Peer 1: 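Take this structure first; my questions come after.
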Amino acid sequence: MSLQIKSFEEYQDAYKKSVEQPEEFWAGIAENFFWKRKWHTVLNWNFKEPNIKWFEGAKLNITENCLDRHIYQNGDKPAIIWEPNDPSEAHRVLSYKQLLHKVEQFANVLKNNNVKKGDRICIYLPMVPELVIATLACARIGAIHSVIFGGFSAQSIADRINDAKCKLVITSDGSFRGSKTIELKSIVDDALMQCQSVDRVIVLTRTRTAISMLKGRDVWWEDEIKKVETQGNPACPAEEMDAEDTLFILYTSGSTGKPKGVVHTTAGYMVYAGYTFSNVFQYQPDEVYFCTADIGWITGHSYIVYGPLSQGATSLMFEGVPTYPDAGRMWDIVAKHKVNILYTAPTAIRSLMAFGDEYVDNKDLSSIRKLGSVGEPINEEAWHWFNDKIGKGKAPIADTWWQTENGGILIAPMAGISPTIPGYAMSPLPGVQPALMDENGKEIEGNDVSGNLCIKFPWPGMLRTTYGDHERCRQTYFATYEDMYFTGDGCYRSPEGYYRITGRVDDVLNVSGHRIGTAEVENAINMHSDVVESAIVGYPHPVKGQGIYAYVIANHHHDDINQTRQDILQTVTRLIGAIAKPDIIQFVTDLPKTRSGKIMRRILRKIAEGETSSLGDTSTLLDPTVVEAIIEGSKEFK
Ligand code: 6R9
């Protein structure tokens, strides 16, 4: 069975087969990959424990699928095009042959540094080709990578390193983002004061920022590569991995506690990332594909690295930010590299839209054939701007809905094949069986209905566990509805049966497409010595999608409240990272609580949204007058 669907009829057939004979269907898709040994069982599952196994018995290495198998026919094809932060710096192109060589070299560096199959490796790097190289080098030797987004703080890094007991960290001296230089190594140094498990740090040179190098612990990337070169044999055979061996851990926020390490395994993830990449974007062999995500998030893992490379695609990665040196940068990149497929986020679209059309109108966007959106619901205004200004009305937009836990896109149109409607993710991909559930745990049948979005049947790319805490995985995703994977999203199914994602139904915020747990931010704010208690809610934000609204009870001991505000922001930046900083901090004397002491976020959400006339039932509140005071105080921010 060929991997790529070519028409709507083929989609319908594939979908039907994937539901009626899922094992045959996925076995057919898996035939399109390179296996050292084939599976004996396609699928073994239950959502109770949960226990999910795909392609059991198979042996493979994902890097052979992403690199080696393309060398014979496409060795000179660009695998990675890298566009630097500063447009006057030269861009880099790595062919499949060159990328394989570099991955093997660095895999040997890891081996020289005592990394073994199953070891956890933390990667904290800027968006440079070495990030792809490091990631694939881990996979080459069966080490488990845990990539941490460059915007996270030392404390967040330490938490993640300690949770996974990483033994080695790969970082760089610094990173360039717009006009800023961020001192990555220094942040890692701070983190490592709390980490016992790490005995080696490999440091790539990027910014030439002055850094400290600790004797016996820290080594330079470049020196280590030289050692490998003098050792002679540059090759590094791919480790033979079991289908269900862990490929990577990626931390993501939930509604409670610290971020959890989502675990993805080798075979199922590979098949799903490759299949969905090929189909959603309808990738053709000559196309240049540009995903603007950071590899520190799942979108970068699946749709900059593994999906595109497994399909022999040319994947463009960008080091900088869309507004540097000006708001036309993305369009300059599209013109410079003749990008055919652009996959980006609504927040980026909205922010560029706000700068005005003069940054777009004079750019050559004629290469664009297909567009994609991911990370949050796309509002109609942004959709139309993307469609009209960027796609010139000719490039289909794939609004792709999925999550870190899913490994790949679950609901999306296939570019140019399926119909599209602004704001709709449209239809499930083959293999994906959505269900809308009501409050009582019953499935809502029929169309023109809304409910909580669940998935009934496993797909190969789904998470297998949360690292070190399987019970948390069960509780979070499989305990709310019996025999269902619960997404945490609300969803509407139109009269025609199309899906529109309406946003999170739990205490998870989506700020500029980044997932942030309200509890996490509250815990950080509460660490500030002047803070007694706090409550975080989201509110509609014109660029970020959602903004963070903090209600804080504080003792202003020493100085003015604006100073305390700044101190709170600094505390959040230090404990989580700047991405979690509240947009609004309203000081309150009390929070609305039920008699049992639970904060009524529903009310706080309404106030943050400015909908104070429809607060709903407040009779269960311990002290209803609290609400009046908060409404009064909120006027300052309207
Ligand atoms: C891939 C990614 C997942 C959450 C998800 C949902 C929101 C993602 C969306 C979307 C509406 C889309 N989300 N894509 N909402 N339309 N096309 O973003 O993963 O960072 O784990 O976030 O993002 O709320 O539950 P992740």
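If you're wondering where the values come from, they're calculated on a predicted model, not measured in any experiment. First listed ligand is number 1; within each ligand, the first listed atom is number 1. The chain is numbered in sequence order, starting from 1.
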Peer 1: How far is atom 11 (C) of ligand 1 from the closest protein heavy atom, and which atom is that?
Peer 2: Pro377 N, 3.1 Å

Peer 1: I need the atoms of ligand 1 closer than 4.0 Å to a non-hydrogen atom of Ile298, numbered in the order shown.
Peer 2: 1 (C), 19 (O)

Peer 1: In terms of side-chain heavy atoms, does Glu496 have a donor or acceptor partner in Ser494 at a distance below 3.5 Å?
Peer 2: yes

Peer 1: May I ask you to decide if the ring planes of Tyr306 and Tyr269 are parallel, tilted or perpendicular, using 30° and 60° as cut-offs?
Peer 2: perpendicular

Peer 1: Do Trp383 and Asp399 have side-chain atoms, one donor and one acceptor, less than 3.5 Å apart?
Peer 2: no

Peer 1: Looking at Thr299, which atoms of ligand 1 are within less than 4.0 Å of one of its heavy atoms?
Peer 2: 1 (C)

Peer 1: Crowded around Lys180 NZ? As in, over 12 foreign heavy atoms under 6.0 Å?
Peer 2: no

Peer 1: Please confirm whether Phe277 and Tyr289 have ring centers closer than 6.0 angstrom.
Peer 2: yes

Peer 1: Under 4.0 Å from a heavy atom of Ile501: which atoms of ligand 1 are those, numbered in the order shown and with their elements?
Peer 2: 11 (C), 15 (N)

Peer 1: Looking only at side-chain N and O atoms, does Tyr485 offer a donor or acceptor that is under 3.5 Å from a partner on Asn406?
Peer 2: yes

Peer 1: May I ask you to check whether Thr487 has an N/O atom sitting below 3.5 Å from an N/O atom of ligand 1?
Peer 2: no

Peer 1: Can you list the steps and then say if Tyr303 with Trp402 is a ring pair (Phe, Tyr, Trp, His ring centres under 6.0 Å)?
Peer 2: CA-CA 12 Å; Tyr303 298 113; Trp402 61 295; 5.1 Å; yes

Peer 1: Could you tell me which atoms of ligand 1, counted from 1 in the order shown, lie closer than 4.0 angstrom to a heavy atom of Asp489?
Peer 2: 5 (C), 6 (C), 24 (O), 25 (O)

Peer 1: Tell me, which protein residue and heavy-atom name are nearest atom 12 (C) of ligand 1, and how many Å apart are they?
Peer 2: Glu376 O, 3.5 Å

Peer 1: If the plane angle is over 60° it's perpendicular, under 30° parallel, otherwise tilted; pick one for Phe152 and Phe149.
Peer 2: perpendicular

Peer 1: What protein heavy atom is closest to atom 22 (O) of ligand 1, reported as residue, atom name and distance in Å?
Peer 2: Arg515 CD, 3.2 Å

Peer 1: Using a strict cut-off of 4.0 Å, indicate which atoms of ligand 1 neighbour a heavy atom of Asn510.
Peer 2: 7 (C), 23 (O)

Peer 1: Considering distance alone, does some N or O of Glu405 sit under 3.5 Å from an N or O of ligand 1?
Peer 2: no

Peer 1: Record the part of Gln403 in heavy-atom contact with ligand 1 below 4.0 Å; permitted values are side chain, backbone, both and neither.
Peer 2: both

Peer 1: If we ignore angles and hydrogens, is there a donor and acceptor under 3.5 Å between the side chains of Glu244 and Thr265?
Peer 2: yes

Peer 1: In terms of atom number and element, which parts of ligand 1 are under 4.0 angstrom from non-hydrogen atoms of Thr400?
Peer 2: 9 (C), 12 (C), 14 (N), 17 (N)

Peer 1: Does Trp402 come within less than 4.0 Å of ligand 1, judged by its heavy atoms?
Peer 2: yes

Peer 1: For ligand 1, which atoms have a heavy atom of Thr404 less than 4.0 angstrom away?
Peer 2: 19 (O), 20 (O), 21 (O), 26 (P)

Peer 1: Which residue owns the protein heavy atom closest to atom 14 (N) of ligand 1, what's the atom, and how far is it?
Peer 2: Gly375 N, 3.1 Å

Peer 1: Closer than 4.0 Å to some heavy atom of Val374 - which atoms of ligand 1 meet that?
Peer 2: 1 (C)

Peer 1: Would Phe55 and Trp26 count as a close aromatic pair, with their ring centres under 6.0 Å?
Peer 2: no

